[in-house]
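To start, the structure under review is shown below, and the notes come after it.
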Amino acid sequence: MRQLQIRLPKPHQGQLAVLRSQAREKWLAAGRRWRKTTLALHPAFCGYQGPDGKLFRGAIQGGEILWGAPTIDQSRIGWREAKHAAGGTFIFVESERMALSPTGKGRIVFRTLDDPDNARGFTFDGVIMDEASDLKPAVYHEVIRPTISDTGGWLLAMGTPKGHNW
């Protein structure tokens, strides 16, 4: 079997603190240029070690991952960075906006979450909510939480601080 080789950028000290956190749900507010999207590549592909040694799966370990953003343009940023990091290892299906592991047992699904129904009906092992503060709270409470409930999956919600919002 071919070994998966994903080229992830080296995290800076702030990103390392987030990656080392064993929390199931991580909420990150960080300024522009902090490389939040780059940070999200790590758990999306590789997952991370949770409490008591539990593996929170990424796509490489066969996990089903949602990468959600408020708009198609924001979703495309994650798509482009993931495609670059995967270096041809994953299969990127533009028409379905997903990246498939060559083993067929893991994938990253890219969706816009301006309409919460875009993520309804799925079950995920992990979810990235990019620019989470720009999403309606119902996206998290009514759609995202249920998609990770069955699997005990993880969440990385991140965004740029913009004053008072949820």
Side-chain angles (χ1 to χ4, degrees), residues 1-11 15 18-26 28 35-132 135 139-140 142-158:
M1 184 169 102
R2 184 171 92 179
Q3 183 173 353
L4 300 180
Q5 293 187 3
I6 307 297
R7 296 182 314 261
L8 298 174
K10 183 179 178 183
Q15 292 171 329
V18 174
L19 291 171
R20 289 178 179 147
S21 167
Q22 295 182 349
R24 180 175 170 221
E25 292 191 9
K26 300 178 186 185
L28 173 64
R35 305 298 295 167
K36 295 178 292 294
T37 302
T38 302
L39 163 73
L41 295 171
H42 290 264
F45 282 111
C46 304
Y48 64 96
Q49 202 73 31
D52 302 323
K54 174 182 168 57
L55 175 65
F56 288 121
R57 296 188 315 163
I60 290 173
Q61 295 91 11
E64 296 281 322
I65 310 302
L66 169 66
W67 191 302
T71 68
I72 189 71
D73 286 341
Q74 289 164 324
S75 176
R76 282 186 187 130
I77 294 168
W79 169 272
R80 280 193 307 270
E81 288 207 28
K83 194 170 185 179
H84 177 74
T89 304
F90 271 57
I91 301 155
F92 282 74
V93 183
E94 181 86 34
S95 63
E96 296 184 42
R97 291 195 352 238
M98 71 175 63
L100 302 168
S101 165
T103 66
K105 295 184 179 176
R107 68 183 177 155
I108 305 171
V109 178
F110 296 82
R111 293 286 183 268
T112 57
L113 297 176
D114 56 338
D115 178 356
D117 288 341
N118 289 339
R120 264 186 224 280
F122 290 95
T123 299
F124 292 108
D125 295 293
V127 173
I128 311 268
M129 286 174 50
D130 202 350
E131 296 300 341
L135 297 169
V139 171
Y140 169 72
E142 297 174 15
V143 179
I144 299 303
R145 283 293 307 265
T147 68
I148 60 174
S149 295
D150 295 345
T151 62
W154 55 267
L155 168 75
L156 173 58
M158 55 191 188

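All heavy atoms count here, side chains included; hydrogens, waters and symmetry mates do not.
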Which distance, rounded to the nearest 0.5 Å, do you find between the [atom1] of [X] and the [atom2] of [Y]?
X	Y	atom1	atom2	value
L66	T123	CG	OG1	11.5 Å
L41	I6	CG	CD1	9.5 Å
L135	I144	CG	CD1	8.0 Å
T147	Y140	OG1	OH	10.0 Å
R111	D115	CZ	CG	12.0 Å
K36	I128	NZ	CD1	13.0 Å

Can you see which heavy atom on [X] is nearest to which on [Y], and at what distance?
X	Y	answer
F124	A119	CE1-O, 4.5 Å
G50	F56	CA-CE1, 3.4 Å
N118	F122	O-CE1, 3.8 Å
Q22	Q49	CG-O, 3.6 Å

(message) With a 6.0 Å cut-off (strictly less than), is the heavy-atom count around NZ of K54, excluding the residue itself, greater than 12?
(response)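 More than 12 within 6.0 Å, yes.
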
Answer yes or no: is there an ion pair linking K83 with E94, defined by an N-O contact shorter than 4.0 Å?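 Between E94 and K83 there is no salt bridge, as every charged N stays at least 4.0 Å from the carboxylate O atoms.
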
Using atom types as modelled and distance alone, determine if a side-chain donor or acceptor of [X] lies under 3.5 Å from a backbone N or O of [Y].
X	Y	value
W154	R57	yes
H42	P9	yes
Q61	G58	yes
Y48	S21	no
Q74	E131	no
T37	G78	no

Pair M158-D130, side chain to side chain contact (heavy atoms under 4.5 Å, CB included): steps then yes or no:
CA-CA 5 Å; M158 55 191 188; D130 202 350; 3.6 Å; yes

- Message: The criterion is salt bridge (charged side-chain N to carboxylate O under 4.0 Å, His left out); which residues satisfy it with R24, sequence neighbours excluded?
- Response: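 Partners of R24 by the salt bridge (charged side-chain N to carboxylate O under 4.0 Å, His left out) criterion come out as none, since no residue qualifies.
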
Exercise. List the steps, then state whether side chain to side chain contact (heavy atoms under 4.5 Å, CB included) holds for T112 with R97.
Key: CA-CA 10 Å; T112 57; R97 291 195 352 238; 4.0 Å; yes

